[in-house]
Participant: 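I'd like to ask you about the structure that follows.
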Amino acid sequence: MSPNTKSAIVTGAGSGIGRAVALAFLREDYAVALAGRRSEALQETVAQAGAAGARALAVPTDIADPASVRALFQKAKEAFGRLDLLFNNAGTGAPAVPLEELSIEKWRRVIDVNLTGTFICIQEAFRLMKSQVPMGGRIINNGSISAHAPRPNSSPYTATKHAITGLTKSAALDGRKYDIACGQIDIGNAGTEMTARMKDGVAQADGSIAPEPTIDVEQVARAVLYMASLPLDANVLFMTVMATKMPFVGRG
């Protein structure tokens, strides 16, 4: 790896936004550790990178497991020597059932992955970024439009994404003295496998079912690249990238 090559960890890199961002970093000559639960999905991301895949390290990881996350960061350190950027993207949801019918097990799984998993990754990033020379780095958390407003029957996912906003602020504050910049990108309807159903209609706040527009996931990757491109004395604390005509701003 060239001394000028920057390094990154991307969680949830086996599909969707995580894959698009990981591929964008690889195109920009980053060395990237790809984290996700499914090894075959991570290897597909590497394959899609073409020749740039030589700078990719696929590390099957369960971010809700502290030991698994420690192993991820240790492998990245061994391979790259340092960590310049962490993109906390991995997440999960729960079935869209009435709040009172959601099992506590499904609630806890969303909390464990979306919130606790992100926290564990931030902890490990802090430990590594504090100890490396030169000190510092950048953390970008994937929030969501749900960090601002819920969809119907989405209490665990919405709760975690609101909590990510607080975690981002705390990490931004606590990271200052170590030259660790932390920001958050809130995304609305990126065109991925997860949002493919939106063209057929999704539940709205008034009880109706309506199709919603999506945006090319590459626009999200470009936004993350911009956040990552800043020097550490500048930070995008919050950015919202969304489909212009999605029903987010307004009433009804």
Side-chain angles (χ1 to χ4, degrees), residues 10-24 36-38 41 44-45 48 87-103 106-107 109-111 113-115 117-118 140-168 183-227 236-252:
V10 176
T11 68
S15 64
I17 292 168
R19 172 176 283 171
V21 170
L23 291 173
R37 287 177 297 166
R38 297 177 296 128
E44 175 58 26
T45 301
Q48 289 188 24
F87 181 43
N88 273 319
N89 167 73
T92 191
V97 300
L99 182 151
E100 69 275 15
E101 296 177 14
L102 184 74
S103 72
K106 287 185 171 61
W107 165 271
R109 179 58 183 166
V110 177
I111 301 297
V113 174
N114 294 9
L115 181 56
T118 297
I140 301 173
N141 296 326
N142 186 347
S144 172
I145 292 294
S146 294
H148 303 274
R151 287 188 178 276
N153 300 322
S154 69
S155 56
Y157 186 82
T158 299
T160 59
K161 293 305 184 178
H162 275 65
I164 289 297
T165 299
L167 184 56
T168 296
Q184 177 172 320
I185 184 165
D186 296 322
I187 303 159
N189 292 5
T192 65
E193 302 95 323
M194 186 180 297
T195 58
R197 62 190 174 85
M198 290 182 174
K199 63 183 179 182
D200 298 321
V202 290
Q204 304 296 308
D206 63 1
S208 65
I209 302 293
E212 293 188 15
T214 60
I215 56 173
D216 189 329
V217 70
E218 288 302 316
Q219 302 306 323
V220 176
R222 288 178 61 190
V224 175
L225 281 177
Y226 168 70
M227 295 171 76
V236 176
L237 185 59
F238 293 101
M239 176 189 286
T240 301
V241 179
M242 56 181 277
T244 304
K245 296 183 179 180
M246 67 179 289
F248 171 57
V249 177
R251 303 185 183 194

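Numbering starts at 1 and runs along the sequence shown.
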Participant: I'd like to check the salt bridge (Lys or Arg N to Asp or Glu O under 4.0 Å) partners of Arg37; sequence neighbours left out, ordered by chain and number.
Facilitator: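 Partners of Arg37 under the salt bridge (Lys or Arg N to Asp or Glu O under 4.0 Å) test: none.
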
Participant: For the residue pair Ala243 and Pro213, what are the closest heavy atoms and their distance?
Facilitator: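 Residues Ala243 and Pro213, closest heavy atoms: CB-O, 3.6 Å.
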
Participant: What I'd like to find out is whether the side chain of Asn189 reaches to under 4.5 Å of the side chain of Phe248, using heavy atoms alone.
Facilitator: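 No; the side chains remain at least 4.5 Å from each other.
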
Participant: Considering non-hydrogen atoms only, spot the tightest contact between Trp107 and Ala159 and give its length.
Facilitator: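 Distance-wise, the nearest heavy atoms are CH2-CB, 4.0 Å.
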
Participant: Atom CD1 in Ile111, atom CZ in Arg109: separation rounded to 0.5 Å?
Facilitator: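 Here the rounded value is 12.0 Å.
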
Participant: Mark yes or no for whether Thr45, through its side chain, and Arg19, through its backbone, hold a donor-acceptor pair below 3.5 Å.
Facilitator: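 No; zero donor-acceptor contacts below 3.5 Å.
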
Participant: What's the shortest heavy-atom distance between Asn114 and Gly91, and which atoms?
Facilitator: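 Here Asn114 and Gly91 meet closest at OD1-CA, 3.2 Å.
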
Participant: Less than 4.5 Å apart, side chain to side chain, heavy atoms only: is that true for Val110 and Thr92?
Facilitator: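 Side-chain contact under 4.5 Å: yes.
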
Participant: With rounding to the nearest 0.5 Å, note down the distance linking CG in Asn141 to CD1 in Ile164.
Facilitator: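 CD1 of Ile164 is found 5.5 Å from CG of Asn141.
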
Participant: Look up atom CG in Asn88 and atom CD in Gln184, then write down how far apart they are to the nearest 0.5 Å.
Facilitator: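 Reported to 0.5 Å precision, the distance equals 10.5 Å.
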
Participant: Of Tyr226, Phe238, Phe87, which meets side-chain contact (heavy atoms from CB on, under 4.5 Å) against Ile185?
Facilitator: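 Exactly one option meets the side-chain contact (heavy atoms from CB on, under 4.5 Å) with Ile185, and it is Phe87.
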
Participant: If I take atom CD1 from residue Ile187 and atom CE from residue Met239, how far apart are they, to the nearest 0.5 angstrom?
Facilitator: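 Answer rounded to 0.5 Å: 10.5 Å.
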
Participant: Which donor-acceptor pairs under 3.5 Å do the side chains of residues 142-149 make with protein atoms, sequence neighbours left out?
Facilitator:
unit_1	atom_1	unit_2	atom_2	d
Asn142	ND2	Asn89	OD1	2.8
Ser144	OG	Ser146	N	2.9
His148	NE2	Asp186	OD2	2.9

Participant: Could you state the interatomic distance from CD (Glu212) to CZ (Arg197), rounded to the nearest 0.5 Å?
Facilitator: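 One finds 8.5 Å between CD of Glu212 and CZ of Arg197.
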
Participant: How many angstroms lie between NZ in Lys106 and CD in Glu101, if you round to the nearest 0.5 Å?
Facilitator: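 One gets 12.0 Å once the value is rounded to the nearest 0.5 Å.
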
Participant: Grab the two heavy atoms, one from Pro98 and one from Asn153, that are nearest each other, plus how far apart they are.
Facilitator: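 Result for this residue pair: CA-OD1, 3.5 Å.
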
Participant: Heavy atoms only: give me the nearest Ile209-Ala203 pair and the separation to one decimal.
Facilitator: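 Closest approach of Ile209 to Ala203: CD1-CA, 3.6 Å.
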
Participant: Please determine which of Ile17, Val236, Ile140, Val241 meets the side-chain contact (heavy atoms from CB on, under 4.5 Å) test together with Val224.
Facilitator: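 One option only clears the test, and that one is Ile140.
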
Participant: When you compare the side chain of Arg151 with that of Thr158, does any pair of heavy atoms fall below 4.5 Å?
Facilitator: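 No, their side chains stay 4.5 Å or more apart.
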
Participant: For a quick test of reading the model, state the closest non-hydrogen atom pair linking Pro156 to Ala94 and the distance between them.
Facilitator: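 Distance-wise, the nearest heavy atoms are CG-CB, 3.8 Å.
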
